[in-house]
Amino acid sequence: MGNVRFGFWAGIAGLATIMIVGGKTIWMVALIIGLIIGLLSANNDTLHTPQQGARFGAMNGLVAGAVMLVGQLLRSLWIDNLAGQPVLELGMGAFGSAIVAGLIGIVLTVVVASVLSAGQHLSGLARTLSVGAVVGAFLLFLPQIDRGLGLAWLGDIIPIMIFIILALGLNIVVGYAGLLDLGYAAFFAIGAYTAGMLSSTHLSGQFASNFQLSFWLVIWIAAAAAAVFGVILGAPTLPLRGDYLAIVTLGFGEIVPILFTNLDSIEWIKTANGDPLNLTGGDPGISAIAPPSLPIVHSFDGSLAMIIQLISFVLVALAALYLVRRVLDEDRIAGKSTTLTTVVGGLLALLLLYGFFYGAKIGDATLAIPGTSGAGQFLPTERTPWYYLIIVIFGFSVFFINRLRRSRLGRAWMAMREDELAAASMGIDLVRTKLLAFALGAMFSGFGGAFYGAYLGSITPSSFQFDKSVLILCMVILGGLGNIPGVILGGLIIVSADIFFLNRLTDLLKQIASNSNNTALADFKASDYRLMLFGIVLVIMMLVRPEGLVPSARRRAELHADGDVTKQENTTVFDVEQDAQLSPE
C-alpha cells in the first residue's frame with residue numbers, strides 16, 4: 001500500500017476537482033495527475049532503473065485513475081442532477097458515459113505517469129530529453145487541449161503560474177538562506193507599480209507627453225528595482241534573526257502598500273498643469289498599462305519579414321541560454337563563484353536589444369526592423385500568448401534558481417541557514433550572502449509583479465496586502481522548504497484552491513441552491529473561509545509532516561533524525577538533573 005499511497009492521494013485531489021468542476025474535466029485532470037506522479041517519482045529513493053520507474057508510475061497512475069473514475073460516477077449520477085446541469089454525454093447514457101470517460105482517464109494517467117517515471121530514471125542526456133519532451137509537449141499543447149475540452153482554464157492557470165514564480169523567489173530567501181520574510185508581497189507591488197509607471201501614460205501624461213516603454217524593457221527594470229529594494233530591506237536587518245527579522249519584514253510589507261496609497265499628491269513636484277504629481281494613483285491605482293508587443297503572436301503568414309522575426313527570436317533565446325550556461329560552467333570548472341553580474345548583464349543586453357527592435361514604443365512611434373509588420377499586441381481577451389510568455393518566464397526562473405542552488409553562493413546560503421557562526425568561521429561573507437539572498441529573491445518577485453500588472457492592465461494597492469505574503473509563504477512551507485519541485489507542488493495546491501476551486505465550489509453550491517430552492521446554500525461563499533482553510537492545512541502539516549510534501553533530502557534528515565538523536569535533542573537540563581539524583585551512588 002505504501003508504494004501506491006501517493007497515487008491514492010493524487011486521485012483524491014483529482015476526484016475533488018472532477019466533482020466540483022464537471023464536464024470533461026476528468027481528461028485534463030488525468031494528464032495533470034500523470035505528470036505530477038511522473039515528476040515526483042524522482043524523489044523516490046527506492047527506484048533505480050527505468051523499469052522500476054515505469055512500474056511505479058503505472059501502479060500509482062492506476063490507483064489515481066480508479067479514484068477519479070469514482071469521482072466521475074458521483075458527478076454524473078448525483079451532482080449534475082442536484083445542480084441541474086447537463087450530464088457528460090458520450091452516447092451511452094449517464095452511467096455508460098461516466099464509465100467510458102473514467103476508463104479513458106485511467107489510460108491517460110497510467111501512460112503519462114509510467115512514461116515520465118521511466119524517463120526520470122534514465123541517465124545523462126537521455127533523461128533530460130525524455131522528461132523535457134513529455135512535459136514540454138503538455139505545456140506546448142495545453143491551450144489547444146483546454147480549448148478542445150471546452151474548459152477555459154487558461155484564465156486561472158496564468159495567475160497560478162505567477163504566484164508559483166513568486167514562491168520560487170521566496171524559497172531563495174526562506175528555503176535556502178533561512179531568512180524568514182513576511183513582507184514578500186512588497187517586492188511584488190514594487191515590480192507591478194514599476195511596470196505601471198513606465199508602461200502607461202500615467203506619469204508622462206501629467207507632463208503633456210505620451211512616453212511609454214516596451215514591456216520587454218520594463219520587466220527587467222521592474223526586477224532591478226525590486227532587487228534594489230531587497231538590498232535596502234536587507235541592509236538594516238543583517239544583525240537580526242528569527243522572530244525579530246520576521247517582524248521587521250512584516251513592517252516593510254505593511255509600509256509599501258500604504259505608501260502606494262498615499263503617494264497620490266506630491267506637493268513639491270508640479271505637473272504641466274501646475275497640479276501636484278500623482279505618482280501612484282492612490283486607491284484607484286494605475287490603469288491602461290500597455291501589454292507586451294511581439295510580432296510573432298500573429299498568425300504565421302510565410303512572408304520574409306515573419307521568417308526573419310521568428311528566426312531572430314529563436315536565436316536571441318538560444319544565445320541567452322548559451323551565455324548563462326557558458327559562464328556558469330566556466331566558473332564551476334575554474335573553482336570561482338558564479339558571476340551573477342555577468343550572467344544577468346548579458347541576458348539584459350540581449351533582451352534589451354530585442355525589445356528595442358520589436359515593440360519599443362516612444363511616444364506614438366513604434367520602432368521595428370524595416371520591412372516588418374507592426375508589433376502585435378497581446379490582447380487581454382486572448383489568453384494563449386500570455387500563457388506562453390508566463391511559461392517562458394517560469395522556465396527561466398526554474399533554470400536560474402536551480403543553477404544558483406548548485407553554485408558556491410547557493411552552498412553559502414545553505415551553510416548560513418544551518419549555522420551562521422560556523423559559516424562565518426569558514427570564510428563566508430555573511431553580509432554579502434544575506435544581501436544577495438534578499439536581492440535575488442526580490443528580483444523574481446519583481447518579474448512576477450511586472451507581468452501581473454501588464455496582464456491585468458491595472459493595479460491597486462489592495463492587491464498587495466499582507467495576506468499575499470502569507471499565501472506565498474504557505475506555498476513554500478506546504479511544498480517543502482529548499483526544494484524546487486516541492487515549492488511548485490505547494491504553489492499548485494494553495495493557489496489552485498484560492499483562485500480555482502473555491503470560486504467554482506461557490507458557483508456549484510449556488511446552482512444546487514437555485515435548483516433545490518435552498519436559501520442557505522445560496523448565501524454561502526467558500527472564498528470567505530480561505531484563510532481558515534489554509535490555517536487548518538498548515539496546522540495539520542506541522543503536526544503530521546513538518547518538512548513539507550516534497551522536502552529536500554537535508555530538510556528530511558533534519559526533521560527525522562534517529563531515535564537516540566531526537567531523544568538527546570529533546571532532553572532538558574531538568575531531566576538530566578533528575579536522572580542524576582535518582583541514579584544510585
Side-chain angles (χ1 to χ4, degrees), residues 158-173 181-200 202-203 212-233 249 252-261 263 279-281 285-292 344 348 351 355 378 380 386 389-390 392-394 396-397 400-401 438-473 475-476 491 495 499:
I158 294 170
I160 290 172
M161 297 300 297
I162 294 174
F163 277 93
I164 290 177
I165 292 172
L166 298 180
L168 290 172
L170 183 61
N171 187 49
I172 293 176
V173 183
D181 187 352
L182 293 181
Y184 193 68
F187 306 115
F188 185 37
I190 290 168
Y193 269 90
T194 301
M197 293 176 190
L198 298 180
S199 290
S200 71
H202 172 77
L203 285 182
Q212 286 179 262
L213 286 178
S214 168
F215 170 84
W216 309 108
L217 306 178
V218 170
I219 191 170
W220 291 98
I221 298 174
V228 169
F229 277 95
V231 174
I232 293 173
L233 170 64
T249 55
F252 180 77
E254 291 294 319
I255 289 170
V256 169
I258 294 174
L259 279 177
F260 286 142
T261 302
L263 289 178
L279 183 64
T280 60
I286 299 176
S287 58
I289 301 174
V344 177
L348 180 60
L351 291 175
F378 285 38
W386 294 98
L389 177 58
I390 195 62
V392 171
I393 296 175
F394 171 75
F396 167 78
S397 302
F400 193 77
I401 293 173
F438 276 111
L440 291 172
M443 184 185 76
F444 287 97
S445 187
F447 269 120
F451 185 94
Y452 185 75
Y455 175 67
L456 294 181
S458 62
I459 48 174
T460 60
S462 60
S463 301
F464 310 101
Q465 299 299 324
F466 174 64
D467 64 314
K468 293 294 188 297
S469 296
V470 174
L471 182 72
I472 300 168
L473 185 61
M475 294 159 60
V476 177
V495 189
I499 295 176

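Scope of the values below: all heavy atoms of this structure, side chains included, with no hydrogens, waters or symmetry mates. Residue numbers run from 1 in the order of the sequence given. All of these numbers come straight from a predicted model, not from anything done at the bench.
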Straight-line distance of [X] [atom1] to [Y] [atom2], nearest 0.5 Å:
X: Phe400; Y: Phe444; atom1: CZ; atom2: CZ; value: 5.5 Å
X: Leu203; Y: Thr280; atom1: CG; atom2: OG1; value: 9.5 Å
X: His202; Y: Ser458; atom1: NE2; atom2: OG; value: 12.5 Å
X: Met197; Y: Leu213; atom1: CE; atom2: CG; value: 13.5 Å

Non-hydrogen atoms of [X] and [Y] that approach each other most closely:
X: Pro257; Y: Pro461; value: O-CB, 3.8 Å
X: Ile472; Y: Ala167; value: CG2-CA, 3.7 Å
X: Ala442; Y: Gly230; value: CB-CA, 4.1 Å
X: Leu198; Y: Val218; value: CB-CG2, 3.8 Å
X: Ala226; Y: Gly446; value: CB-CA, 3.7 Å

Next on the checklist: Which residue is it: Trp386, Phe396, Phe394, Phe163? I am looking for the one with a ring-ring contact (aromatic ring centres under 6.0 Å, His included) to Phe451.
Outcome noted: Trp386
Checklist entry - More than 12 heavy atoms of other residues, nucleotides or ligands under 6.0 Å from CZ of Phe229: is that the case? => result no
What pairs of donor and acceptor atoms, side-chain ones from residues 182-193 against any protein atom, are under 3.5 angstrom apart with sequence neighbours left out?
from   : atom 1 : to     : atom 2 : distance (Å)
Tyr184 : OH     : Leu166 : O      : 3.4
Tyr184 : OH     : Leu170 : N      : 3.3
Tyr184 : OH     : Gly441 : O      : 2.6

Checklist outcome for this item: The complete set of salt bridge (Lys or Arg N to Asp or Glu O under 4.0 Å) pairs with one or both residues in residues 439-458, sequence neighbours excluded, reads none
Checklist entry - What's the verdict on side chain to side chain contact (heavy atoms under 4.5 Å, CB included) for Val231 and Phe438, showing C-alpha distance, side-chain angles and the deciding distance? => result CA-CA 6 Å; Val231 174; Phe438 276 111; over 6 Å; no
